[in-house]
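Values below: all heavy atoms of this structure, side chains included; hydrogens, waters and symmetry mates excluded. Whatever order the structure lists ligands and atoms in, that order sets their numbers, starting from 1.
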Amino acid sequence: MIKGIGEESAEALAEMNILTINDLLEHFPYRYEDYRLRDLSEVKHEEKVTVEGKVHSEPSLVYYGRKKSKLSIRLLVDRYLILVTFFNQPYLKNKLSVNETITVTGKWDQHRQVITANEMHTGSYTQNHDYEPVYTLKGKLTMKGMRKYIKLAFNQFGELSEENLPATLRAKYKLLSRFDALKALHFPQGMEDVKQSRRRFVYEEFLCFQLKMQALRKFEREHSPGLQQKIDETKLNAFIGSLPFPLTNAQKRVVNEILDDMKSPYRMNRLLQGDVGSGKTVVAAISLYGSVIAGFQGALMVPTEILAEQHAQSLKSLLEPFSVRCELLTSSIKGKKRKEILQQLSEGEIDVLIGTHALIQDEVAFRNLGYVITDEQHRFGVEQRRVLREKGENPDVLFMTATPIPRTLAITAFGEMDVSIIDEMPAGRKSIETYWARHDMLERVLAFMEKELRKGHQAYVICPLIEESEKLDFQNAVEVHSTLSFHFQNKYKVGLMHGRLSSEEKDAAMKSFTANEIQVLVSTTVVEVGVNVPNATMMVIYDAERFGLSQLHQLRGRVGRGSDQSFCILLADPKTEVGKERMKIMSETNDGFVLSEKDLELRGPGDFFGRKQSGIPEFKVADMVHDYRALETARNDAAVLIQSDAFWKADEYEKLRNELLKTGVMDGEKLD
Ligand code: ADP
Ligand code: MG
C-alpha cells in the first residue's frame, strides 16, 4: 500500500475500515489541537495551553504505587518560572536537560502556576504545527502514527485525488479544489483553512447524497408511470363543503399537493406529516373520496386493530353519506363475514378498505386499487408496504405519520419522497397543560389524578423506560401497577399494558380502557400512537428525562383529545442542565415541530428515531443540524442537475455521474 506503513498498522487501519489510500485521505479529523504559543498571563485557570521554554532545573522523578510516577521540572517561559509535571511518563526524563528549549502542552493551573503536561517536544515545535488534526483511532494506532500515515498518503498520492465537483459549482460557491481541501484539512495553517475545507467536503457529501436521492426519485417516476386519476372537482368540493368545519390552511395546502399528484401521470410517493390532532384523517378521507369518484378503490393500512377500528368508524361517518362504501378488515374478522368482504372487494362493491396487516394477505384482492395510504409508516416494513402497493397497478401512495420530523431529517431520510406537512392545528384546540414534578412529589400527583378521576375522567400512567431492556420495562410496569392498584383500591380500576402481552391481550386492555371499564391504564411505551380515548384527561410519565422530546410529545398526545382540559405530569429528577432544559421545553410548548427540532439539536440525528429504526445516512464530515443550509443548497442543486441534459452528457459532470453509478441507483434498483 503506502511506503512507511507497516503490516501491523495496516491491519489496525483495516479494522477501522481504512483500506485504500483514499480512505486514509478521507479520514477526517474530528477536531484540531491548538498548539499556538500563548502568553501565560492571558491563559485562564484550567485552560489547555502550549508553551515554549527553557528547562531551568534537573528533572525530578518520583515513583509512587506500582507503575505510577511523576516527573517535574522547572521551566522558564518568558519571564515566568513555572512547574511542569508529567504523570506516568518516566522515560521523558532522559530527553530533558537543563537549558534546553522544549515545548509542552497541558492544562494550566493558574493558582499553583503548574502545567500538567500530556505532550512534550524538544526544541521549538510549534512553528509549523499551530494546529494539528485529531483523528479517531482504534486498537494499537497512535495519534502520532495516524498523522504520519496520512501525511505519507498525502505526499505520495494527494495529487492523484480527483476533483469531482464541476468547476461551475466550485466557482459559484467559491469552494476549494479537492486537493487544496485535503491539504487544508490535514495540514491547516489556521482555522480558516479548516473552515474552507469543511465547507467543500460538506457540500460534496450532501450533493452526492442528494443526487442519489433525486436520481432515485427520477427513476422511480420514469419506471412507474402512475394513474392519471380524473377527479370531479364539483363533487369533491361538495364533499369538502359538507365537513362540519372549514379546513385549516395547512390542510387545504396538503390536500392540493396530494390531489395534484393523483391527477398527474406520475405515481405519487408522498409523506404526510402532521402532529397528533392536526387533522390528517380528514385529509385521508378527502383524497380517498377523490380516488373513489375517479373510479378507483382505496386502502388504508394501520398498525393495530384498535386504530383500524377507529379509522374505519371515522371514515364511514364521513364518506358513507356520499355513497362510498367503507369496510374494515382485520384478523378478528373471520368466517362468513370475511368471505363476504373479500368477495365484494374483488367485485368492486367496496370502495375503501381499512385494516391492519390483514390487508396484505394473498386472499385479499381488489378490483382496481388506485390509492394506498399507510398510517404510521415506520411501523411497517418495506416488504409489507410493497405487497400492499402491488395489489393495484401503480396505485398512488401516501404515507402518514404523526411523528413530527424536522425538515432537515425529513429531506434526508425520506429524500426520495415528496413531503407534505400540516403545520397548523385546527382553531380552538386546548393545549395540554404540562408540569414537571420530582419523583418525591408522587403523592401530590396522585391526589391531583384522583381529582380528575372523580370528575369521571381517566388517566394514563407511563412507566419508566429502561434502555435496551424490555424485560426491565416490564418489571417496572408491573411494580407501578401494583402500587397504583393498592393506592386506588376499591375506588378505581387500574389496568396494565406492556410489551409482553400478545397483541390480542393488548387490544383487550385498550378496549376496556376505551369502554371506561378501567380508569387508570399503566403502560410501557407500547400504548398506541393515534389511540383515541377522549375521556382520558391526564397522563403521568415516570422518569420523563429518559425519553426524547419527540417521544414525550407523542405520548402526551394520547390526552387532550376531548373538550375538557387535559394535563400531563412529567416525573423527572434530571441530573444535567440539558435534562432540566428538556423538561422546561416540554412544559412550555405543545408544538411537535418545535420539539422535534430541539430534540434533534440536543440529541443528534443518530438518536432521533430511537434505537429501532433509523434510515438516516451517516455523513463523514457533514452534520445535518449544523450544516442545514448547505443541505438545502445541495438539494436544490441536485434537483436541477438531475433534470438537466448537461448532467447526463457533459464531461465536467463525469465524476459525479460515476459517483452515482457506484451507488447502483441506475441499475433500476429501487429503494422503496
Ligand atoms: P390526526 O389524525 O392528525 O391526529 P384527526 O384527523 O384525528 O387528527 O383530527 C383530530 C380531530 O380534529 C378530529 O376530531 C377532527 O374531526 C378534528 N378536525 C380535523 N380538522 C379540523 C378542522 N379543520 N377544524 C376543526 N376540527 C378539525
Ligand atoms: Mg397519479
### Message
For atom 5 (P) of ligand 1, tell me which residue out of Thr401, Thr281, Asp375 has the closest non-hydrogen atom.
### Response
Thr281
### Task
Using a strict cut-off of 4.0 Å, indicate which atoms of ligand 1 neighbour a heavy atom of Thr248.
23 (N)
### Query
Should Pro246 be counted as touching ligand 1, given the test is an N or O pair under 3.5 Å?
yes
#### Entry: Nearest heavy-atom neighbours spanning Ser291 and Gln297
OG-O, 4.3 Å
### Task
Output the list of atoms in ligand 1 that are nearer than 4.0 Å to some heavy atom of Leu247, sorted by atom number.
23 (N)
### Message
Checking a contact table here: which protein heavy atom is nearest atom 20 (N) of ligand 1, and how many Å away?
### Response
Gln251 NE2, 3.0 Å
### Query
Do Glu340 and Lys337 sit within salt-bridge range, that is, some charged N less than 4.0 Å from a carboxylate O?
no
### Message
Looking at Asp260 and Arg270, is any side-chain nitrogen of the basic one under 4.0 Å from a carboxylate oxygen of the acidic one?
### Response
no
#### Entry: Closest protein heavy atom to atom 8 (O) of ligand 1, given as residue, atom name and distance to 0.1 Å
Gly279 N, 3.2 Å
### Message
Could you identify the single nearest non-hydrogen protein atom to atom 17 (C) of ligand 1 and state the distance to 0.1 Å?
### Response
Arg429 NH2, 3.8 Å
### Query
Counting only non-hydrogen atoms of the protein, does one fall under 4.0 Å from atom 11 (C) of ligand 1?
yes
#### Entry: ligand 1 atoms in contact with Val276 (distance to a heavy atom under 4.0 Å)
4 (O)
### Query
Passes salt bridge (Lys or Arg N to Asp or Glu O under 4.0 Å), Glu588 versus Lys598? Steps please.
CA-CA 13 Å; Glu588 283 162 10; Lys598 265 281 177 224; over 6 Å; no
### Query
Are Phe513 and Tyr460 close enough that their ring centres sit under 6.0 Å apart?
yes
### Message
Under 4.0 Å, counting heavy atoms only: does Ile422 come that close to any atom of ligand 1?
### Response
no
### Asn249-Glu424 side chain donor-acceptor pair, cut-off 3.5 Å
no
### Task
For the pair Phe567 and Tyr435, name the ring-plane relationship: parallel under 30°, tilted 30 to 60°, perpendicular over 60°.
parallel
### Summary
ligand 1 to Asp275, heavy atom cutoff 4.0 Å, flagged ligand atoms 3 (O)
### Query
Does some non-hydrogen atom of the protein lie less than 4.0 angstrom from atom 14 (O) of ligand 1?
no
### Query
Short N/O distance, under 3.5 Å, between Phe245 and ligand 1?
no
### Query
Applying a strict 4.0 Å limit to heavy atoms, is Ser278 in contact with ligand 1?
yes
### Query
Can you find a side-chain donor-acceptor pair between Asp564 and Thr537 that sits under 3.5 Å?
no
### Query
Side chain, backbone, both or neither: which part of Val283 comes within less than 4.0 Å of ligand 1 when only heavy atoms are counted?
neither
### Message
Just verifying a value: how many Å separate Glu545 CD and Lys580 NZ, rounded to the nearest 0.5 Å?
### Response
11.5 Å
### Message
Using every non-hydrogen atom in the two residues, find where Ala572 and Trp436 come nearest and quote the distance to one decimal.
### Response
O-NE1, 3.0 Å
### Message
Looking only at distances, can you tell me whether any N or O atom of Gly277, backbone or side chain, sits closer than 3.5 Å to an N or O atom of ligand 1?
### Response
yes
